[in-house]
Amino acid sequence: MTSAGRFAPSPSGELHVGNLRTAILAWLFARSTGREFLLRVEDLDRARAGSEAGQLRDLQAVGVTWDGDVVRQTARGPLYARAIAMLEQEGLTYECFCTRREIQEAASAPHAPQGAYPGTCRNLERAELEFKRSTRPAALRLRADAAEFTVHDVLHGEFTGVVDDLVLRRNDGVTAYNLAVVVDDAAQGIDQVVRGDDLLPSTPRQAYLASLLNIPVPEYAHVPLVVNRDGARLAKRDGAVTLADLASAGVDAARVRDTILDSLGLPAGPLANALASFDPRSLPMEPWMWPGMPGTGA
Ligand code: GLU
């Protein structure tokens with residue numbers, strides 16, 4: 001089995017400089033440790049026609065290349081079904097009929113653990129279960145027996161976060177992201193996960209799920225996000241932040257790449273030039289703002 005890192009974009013639109021910075025970092029982490037680098041399109045949800053091709057083009061334009069074929073989650077249903085069946089056989093799942101609103105209401109009760117599913121459907125009586133089955137389709141949840149789990153992150157050290165009865169399969173039949181990501185990383189031989197630090201809080205859930213599936217937990221590195229001038233995670237509505245927008249403003253892909261490398265304290269030029277000086281321990285850990293953001297004076 002290979003040892004690999006990866007980038008796993010959701011094809012929900014164009015990539016922006018924040019996504020490109022994370023992709024460059026993931027590439028540097030993998031290549032500087034002799035790993036393969038894989039690309040997985042997370043198209044179970046939020047896929048928009050045409051956006052995958054544009055994303056792959058933009059990644060290549062800033063020098064992010066990958067090994068082998070692109071993997072798409074929509075082609076991997078049987079793999080997810082096998083993992084879910086294994087959990088079902090071990091009695092580690094249950095059907096959940098809650099609506100989003102019911103969950104929000106229950107989760108905002110005074111003693112509910114923050115962000116955790118309150119367990120409403122965990123122990124339904126037979127008759128209640130039958131009745132609920134006749135009212136709406138069920139999602140499938142994990143019957144977790146831990147309330148928190150600790151992971152090790154190369155950049156954040158030990159991180160302990162909430163584990164709850166997370167959704168494995170949504171009530172529309174689509175595999176949930178937390179299950180798919182764990183199964184895919186393992187099946188693809190990915191032992192290094194580099195992604196935005198907005199996903200750090202979900203990581204203990206994923207690592208816990210991996211442990212239940214007898215899957216080795218990968219090495220994690222959650223990298224700082226690119227933010228807008230309000231300090232919020234960058235979004236496309238924040239201005240000229242995609243390669244296409246920037247190209248119309250006269251900023252080509254090589255300059256975007258070099259600006260990102262500069263923000264990481266790395267030399268300009270093809271990404272391979274930065275490998276020798278890339279050291280995760282000296283990465284800036286603060287959120288970064290694209291210098292051309294309106295209002296920054298740049
Ligand atoms: N597909 C997710 C995203 O684009 C990334 C998930 C991951 O890297 O684990 O936000």
Side-chain angles (χ1 to χ4, degrees), residues 4-30 35-48 50-59 62 64 66 70-76 79-80 83 149 151-156 159 161 163 166-168 170 174-210 213 215-227 232-238 241-243 287:
R6 47 72 154 184
F7 185 61
S10 303
S12 54
E14 281 172 274
L15 296 176
H16 57 55
V17 291
N19 309 126
L20 294 172
R21 191 176 191 250
T22 301
I24 286 176
L25 277 166
W27 188 95
L28 289 166
F29 266 92
R35 287 179 163 87
E36 290 200 342
F37 190 66
L38 308 179
L39 199 94
R40 181 172 73 237
V41 174
E42 301 209 314
D43 57 353
L44 287 178
D45 195 16
R46 294 183 295 150
R48 191 181 300 167
S51 78
E52 176 190 317
Q55 292 189 341
L56 301 188
R57 215 170 31 239
D58 286 356
L59 287 168
V62 295
V64 172
W66 53 89
V70 170
V71 161
R72 287 178 196 84
Q73 288 188 320
T74 42
R76 297 163 74 78
L79 209 63
Y80 309 140
F149 201 73
V151 293
H152 180 78
D153 183 284
V154 174
L155 301 174
H156 296 263
F159 178 83
V163 168
L166 53 103
V167 172
L168 303 168
R170 301 185 334 202
V174 175
T175 307
Y177 157 71
N178 282 311
L179 185 276
V181 73
V182 167
V183 169
D184 281 334
D185 284 340
Q188 293 185 271
I190 289 163
D191 61 354
Q192 180 189 57
V193 169
V194 178
R195 56 188 181 189
D197 62 14
D198 54 332
L199 287 168
L200 184 59
S202 310
T203 305
R205 286 183 171 88
Q206 293 172 10
Y208 174 69
L209 187 52
L213 289 164
I215 285 173
V217 175
E219 168 182 299
Y220 293 108
H222 286 87
V223 301
L225 292 180
V226 176
V227 293
R233 179 195 160 125
L234 188 70
K236 273 190 294 172
R237 61 176 174 280
D238 289 320
V241 290
T242 65
L243 285 191

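All ligand and atom numbering here is 1-based and tracks the order in the structure.
- At a heavy-atom cutoff of 4.0 Å, ligand 1 is contacted by no atom of V193, backbone or side chain.
- For the ligand labelled ligand 1, residue Y177 lies inside the 4.0 Å heavy-atom shell.
- Contacts between Q206 and ligand 1 below 4.0 angstrom, taking non-hydrogen atoms only, are absent altogether.
- The ligand atoms of ligand 1 that sit less than 4.0 angstrom from a heavy atom of V181 are 9 (O).
- For atom 7 (C) of ligand 1, the closest non-hydrogen atom of the protein is R6 NH1, 3.3 Å.
- Atoms of ligand 1 lying under 4.0 Å from at least one heavy atom of L199, given by number and element, are 5 (C), 6 (C), 7 (C).
- For ligand 1, the atoms sitting less than 4.0 Å from at least one non-hydrogen atom of R195 are 7 (C), 8 (O), 9 (O), numbered in the order shown with element in parentheses.
- R170 has a carboxylate O that lies under 4.0 Å from a charged side-chain N of D45, or vice versa, which qualifies the two as a salt bridge.
- No donor-acceptor contact under 3.5 angstrom links the side chains of Q188 and R6, judged on distance only.
- Taking every heavy atom of both residues into account, V226 and R21 meet most closely at CG2-CD, 3.6 Å.
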**OP:** Would you please test D184 and L79 for side-chain contact (heavy atoms from CB on, under 4.5 Å) and show each step?
**Re:** CA-CA 8 Å; D184 281 334; L79 209 63; 4.1 Å; yes
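- Of the possible polar contacts, none joining the D191 side chain to the G5 backbone as a donor-acceptor pair under 3.5 Å is found.
- In this structure, the protein non-hydrogen atom closest to atom 3 (C) of ligand 1 is S10 OG, 3.6 Å.
- Side chain of D43 to main chain of T74: a donor-acceptor pair is present (N/O by atom type, distance under 3.5 Å, no hydrogens or angles).
- Not one N or O on the side chain of H222 forms a donor-acceptor pair closer than 3.5 Å with the backbone of D153.
- Summary of contacts: the protein heavy atom closest to atom 5 (C) of ligand 1 is A8 O, 3.4 Å.
- Closest to atom 1 (N) of ligand 1, if we only count protein heavy atoms, is E42 OE1, 2.5 Å.
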